[in-house]
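Here is the structure we will look at.
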Amino acid sequence: MGDSQKGNAKEKDVRLSNIIAAKAVADTIRTSLGPRGMDKMIQKADGEVLITNDGATILSQLQVFHPTAQMLVQVSKSQDIEAGDGTTGVCVIAGAFLSACTSLLTKGIHPTMIAESFKEANQKAEQILMGVAKPVDLAHRDSVLDAVNTCLSSKVVHQNADVLAPIAVDSVLNIIDPNTATNVDLNDIKIVKQVGGTMDDTELVHGLVLEKGAKHTAGGPSKVKDAKVALIQFCVSAPKTDMENNVVVSDYAAMDRLLKEERKYIIELCKKIKKSGCNVLLIQKSILRDAYNDLSLHYLAKLDIMVVTDIERSDVDFIARTMNLQPIAHVDEMSADKLGKCAIAEEVSIAGSTSRVVKMTGIEKMGKTITILMRGSTKLTLDEADRSVHDALCVVRAIVKKRYMIAGGGAPEAEVALKLTEWSKSLTGVRSYCARAFAEALEIIPYTLAENAGLNAIRMVTELRNRHAAGDVYAGINVKKGCISNMWDEHVVQPLLVSTSEISLSTECVGMILKIDDLVPVR
Amino acid sequence: MGEIFKPGANLQKGEHARLSSLIGAISLADQVKTTLGPRGRDKILQSTGRDLSVNVTNDGATILKNMVVSNPAAKLLVDVSKTQDAEVGDGTTSVCVLTGELLRAAEELLTSGIHPQTINAGWRLAHGVAQKALLDSSSDHGSDAAQFKEDLLNIARTTLSSKILNVDIEKFAQLAVDSVLRLKGSTNLESIHVLKKLGGSLSDSYLEEGFLLDKKIGIGQPKRIEKAKILVANTAMDTDKIKIYGARVRVNSIAKLAELEAVEKDKMKKKCQKIIDHGINCFINRQLIYNFPEEIFAQAKVMAIEHADFDGIERLALALGAEVTSTFDNPEVVKFGECDVIEEVMIGEDTLIRFGGCKAGEACTVVLRGSSQHLLDEAERSLHDALCVLSQTVKETKTVWGAGCSEMLMARAIEDEANKTPGKKANAMRAFAKALRAIPAIIADNAGLDSADLVSQLDAEISSGSKTSGIDVITGTVGDMTDLKITESYKVKSSMINYAAEAAEMLLRVDSIITCAPRERKNPHGRRGM
């Protein structure tokens with residue numbers, strides 16, 4: 001029949017080595033799954049150290065060489081893009097699928113056949129998941145909060161989940177229209193990280209936070225009420241043409257005159273800026289020439305204008321949208337209607353550190369953006385918090401995309417495994433075999449959860465299976481209490497999208513790895 | 001004997017040369033033959049270069065193109081495959097495998113002492129018969145639109161069945177046919193833009209009517225335009241520099257410098273005004289647009305898109321029906337692009353710009369989603385193959401049955417003819433027939449089937465007069481193609497046989513191989529050559 005294979009020895013070797021390599025990657029990060037998962041410390045080539053629990057981050061730092069191992073890394077990246085969370089899970093499942101394949105292959109089943117049967121099983125699995133999912137109303141904030149809490153529970157920052165989770169939920173709900181949105185552009189949420197204080201000091205700012213303090217060298221103001229903010233893209237310094245130029249100085253008097261002229265030129269600029277009514281000035285970074293100099297800072301300070309310099313070009317878009325202002329690229333174009341208005345713009349110093357930020361709140365006609373000011377005691381925790389919040393935001397996004405939630409704690413996987421096994425009995429031939437292997441492989445998730453929590457994995461999984469067979473579809477592993485319980489009651493929930501995309505992405509990747517029979521060196 | 005050749009040069013003669021060229025070609029064909037058919041396997045191409053990049057592919061042309069081949073005959077095979085790729089886009093593996101099989105059959109004849117030229121003569125006869133048989137077995141539904149669309153779908157399914165896209169074959173077949181039909185008979189695949197975005201799974205891919213551009217709209221400019229009038233340009237929007245090396249201005253006061261700066265700015269402002277005066281509401285530039293012009297455009301409520309890459313801008317101009325402009329003094333001669341709506345859309349995490357309802361109706365974008373870059377690359381190649389074949393079929397509307405049916409019909413016709421042909425040529429013709437039969441055998445072998453049994457069963461069916469029997473690889477039996485709907489393009493088949501026959505004939509005529517002395521590499525910097 002068309003579903004068996006007669007491979008040669010080399011073909012088997014290549015396939016086996018592919019599977020082993022991919023599994024090695026999966027096994028590396030398996031221990032970081034779940035609320036009791038462990039973190040990894042990564043020492044980069046430049047000596048920098050990174051501590052993380054985020055699968056996507058670990059994998060992107062791993063310098064894997066083997067081609068199929070690279071594919072697994074990519075799958076995790078893809079999950080990160082699609083769902084944002086479950087980046088570890090997707091690899092673990094892919095690894096389990098591959099082990100299932102090894103035994104199917106030794107039975108002599110044709111690899112393409114396995115791939116096809118897996119694909120079918122995947123579709124069935126999606127249906128099953130849909131069946132146990134519950135629709136969510138975004139207006140019902142608590143249920144979304146539960147999902148975010150579940151996501152954060154496995155992170156380093158889980159003890160701060162009660163602070164971070166509401167921030168994540170609120171920030172997303174703030175920038176979308178809950179009734180119509182089908183996707184969330186996470187670029188609309190700006191995360192400003194500042195070392196100092198603790199993670200509990202993290203706050204959501206309905207306004208704009210600039211990572212730099214105001215310029216003080218000339219004694220300018222650091223707090224402005226009824227601020228009129230201008231974002232300028234021209235430079236407040238001596239003129240420079242695009243063509244190369246020389247200023248020829250022939251005698252002492254000329255030099256004096258030059259200085260005077262420069263001063264005059266800058267005063268003129270500053271006056272024009274002031275004339276537009278601006279009292280907070282944001283200056284874009286310039287690589288071609290000085291964006292500002294001491295002289296201009298001095299005059300601006302005299303005119304009571306607060307100055308923030310070195311705004312990155314990539315941030316301009318965000319600032320413009322948030323403040324509802326127009327960036328100004330020429331001094332003659334300065335006019336009142338291009339300025340953004342806000343109730344208060346002030347420089348705030350961060351407790352426990354020397355750095356300062358500029359906060360602008362009470363913005364008039366504010367765009368649909370929001371800023372999270374994140375705090376942490378060290379750079380390492382701050383970075384990890386950033387990644388965790390990103391995951392949390394993604395979870396909310398996943399719910400916005402597909403407004404269903406399912407139970408967590410290995411419940412959906414156990415349920416799919418059970419139903420698929422039943423379904424496989426209705427099939428005949430190789431398909432049935434493959435579907436059953438697919439189902440069994442999914443049990444890796446509850447198994448790993450239990451194992452990482454130091455529980456007796458086999459007892460847990462069999463009990464879980466038992467409960468599901470008895471019709472308790474929401475039964476999952478309660479890692480905190482070390483028993484099986486109803487996950488909805490425990491508020492351990494996750495977006496449907498995370499689970500479905502975990503399974504479908506790993507199926508796709510495994511299908512591709514299976515079809516490979518040769519490794520050809522090319523130029 | 002004295003030295004005839006330069007040191008390092010090499011001459012192989014007679015049997016030796018022939019053997020070396022035959023073996024080279026056959027072994028290369030054997031390398032790729034496992035990728036053939038719906039149960040064919042993929043290969044990893046591991047680059048030995050600096051970047052160590054990895055490709056996973058099932059596409060014969062891609063594998064052959066990248067392989068490191070030193071045998072001259074094998075190189076010829078690579079070329080044949082490339083030609084097939086350029087000409088029709090698909091059947092690149094088959095052409096290579098058929099050449100290999102022809103040579104394998106020839107080897108036998110050679111050892112039994114038949115002169116290569118006799119073999120060639122026989123092959124030419126066989127080739128003629130084969131082409132005629134193929135033409136006879138083809139059907140043409142070019143005049144019946146509904147039936148023809150069905151044909152196209154079948155061809156797309158057949159082509160895709162051996163590729164990665166067979167996971168969602170119905171969808172992709174439909175997608176490929178839809179996009180090719182939009183071309184309205186043109187074979188210019190330029191207007192079908194394939195966009196790869198990581199994330200999601202292959203089944204999330206879709207056909208977007210209109211054009212997608214992976215760029216950002218300038219700050220403060222309208223994000224949505226209806227009834228857009230578009231100017232596509234390639235001009236410097238940073239500064240109009242004098243392009244003379246070392247040009248510089250000398251001034252003796254800051255005021256003069258300031259004046260000069262103002263003049264420069266003014267010049268740019270005038271240029272922008274000129275562009276705006278065209279009465280456009282969207283401006284797309286290949287080069288950067290600096291902050292200053294961007295602001296002017298924003299004020300005029302013109303959408304300005306900067307840094308559209310070269311390939312992108314050509315395609316965009318084609319899709320929008322615009323011409324790329326670089327001077328703005330004569331608004332009356334400029335050809336503007338038009339489209340119904342320009343808006344931002346989100347795919348995965350990225351925001352893209354969509355041009356909907358383009359003037360040139362054929363433009364469309366296929367958005368491919370997938371779990372890894374390798375998958376996306378391979379999906380693009382597969383889709384490209386399918387699009388090539390389909391666009392060729394739209395031009396040459398004849399179709400033939402696949403799954404070994406047409407090969408067997410040809411083989412049968414050749415053998416019938418051989419029986420009537422006197423002399424040694426008949427042997428050569430039979431060898432040709434044998435080579436053709438090897439193709440269905442390989443497809444069956446790849447699926448783990450008993451090829452010898454199946455092929456003889458199929459041969460029996462064909463010999464007893466059936467014109468539509470073929471191997472059903474999925475069930476492992478001989479089936480009727482009218483039910484299975486495995487259809488292939490006549491053009492692909494015909495050119496495959498043409499190229500394979502030509503290449504094999506050429507290799508067979510070889511009786512000596514002269515290897516030139518490798519060029520001396522001078523290493524003035526002490527670097528070691530390869």
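These numbers come from the heavy atoms of this one structure, side chains and all, not from hydrogens, waters or symmetry mates. Reminder, nothing fancy here: chain letters follow the sequence lines and each chain counts from 1.
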- Query: Does a donor on one side chain sit under 3.5 Å from an acceptor on the other, for A/T500 and A/E126?
  - Reply: no

- Counting only heavy atoms closer than 4.5 Å, note whether A/R397 contacts chain B via side chain, backbone, both or neither. side chain

- Query: Pick from A/P327, A/S78, A/S76: which one has the most heavy-atom pairs with chain B under 4.5 Å?
  - Reply: A/S78

- Choice from B/I63, B/N58, B/V56, B/T35 maximising heavy atom contacts with chain A below 4.5 Å: B/V56

- Checking heavy atoms, do the side chain of A/N18, its backbone, both or neither come under 4.5 Å from chain B? side chain

- Message: Between B/Q299 and chain A, with a heavy-atom cut-off of 4.5 Å, which part of the residue counts as in contact: side chain, backbone, both or neither?
- Response: side chain

- Task: Please state whether the side chain, the backbone, both or neither of A/K264 comes within less than 4.5 Å of a heavy atom of chain B.
- Result: neither

- Message: Walk me through whether A/L514 and A/L105 qualify under side-chain contact (heavy atoms from CB on, under 4.5 Å).
- Response: CA-CA 9 Å; A/L514 275 182; A/L105 285 171; 4.0 Å; yes

- Item | Check: A/H66 and A/V25 side chains under 4.5 Å, non-hydrogen atoms | no

- Would B/K43 and A/I516 satisfy side-chain contact (heavy atoms from CB on, under 4.5 Å), going step by step from the backbone distance to the final call? CA-CA 5 Å; B/K43 299 205 182 293; A/I516 296 164; 5.8 Å; no

- Task: Please report the C-alpha distance between A/D337 and A/S335 in whole Å, then the side-chain angles of each, then the deciding distance to 0.1 Å, and finally whether the side chain to side chain donor-acceptor pair (under 3.5 Å) criterion is met.
- Result: CA-CA 6 Å; A/D337 58 317; A/S335 60; 2.5 Å; yes

- Item | chain B contact via A/V73 - side chain, backbone, both or neither, heavy atoms under 4.5 Å | neither

- Task: Counting only heavy atoms closer than 4.5 Å, note whether A/Q284 contacts chain B via side chain, backbone, both or neither.
- Result: side chain

- Task: May I ask you to name which of A/T68, A/N187, A/I513, A/L505 has the most heavy-atom pairs under 4.5 Å with chain B?
- Result: A/L505

- What part of B/K269 gets closer than 4.5 Å to chain A, counting heavy atoms only: side chain, backbone, both or neither? side chain

- side chain to side chain contact (heavy atoms under 4.5 Å, CB included) with B/C96: which of B/L36, B/L64, B/D30? B/L64

- For A/Q233, is it the side chain, the backbone, both, or neither that has a heavy atom closer than 4.5 Å to a heavy atom of chain B? both

- Message: Take a 6.0 Å sphere around NZ of B/K171 and say whether it holds more than 12 heavy atoms from other residues, nucleotides or ligands.
- Response: yes

- Give, as side chain, backbone, both or neither, the part of A/L259 having an atom under 4.5 angstrom from any heavy atom of chain B. neither

- Message: Distance alone, cut at 3.5 Å: any donor-acceptor contact between the side chains of B/T477 and B/D472?
- Response: no

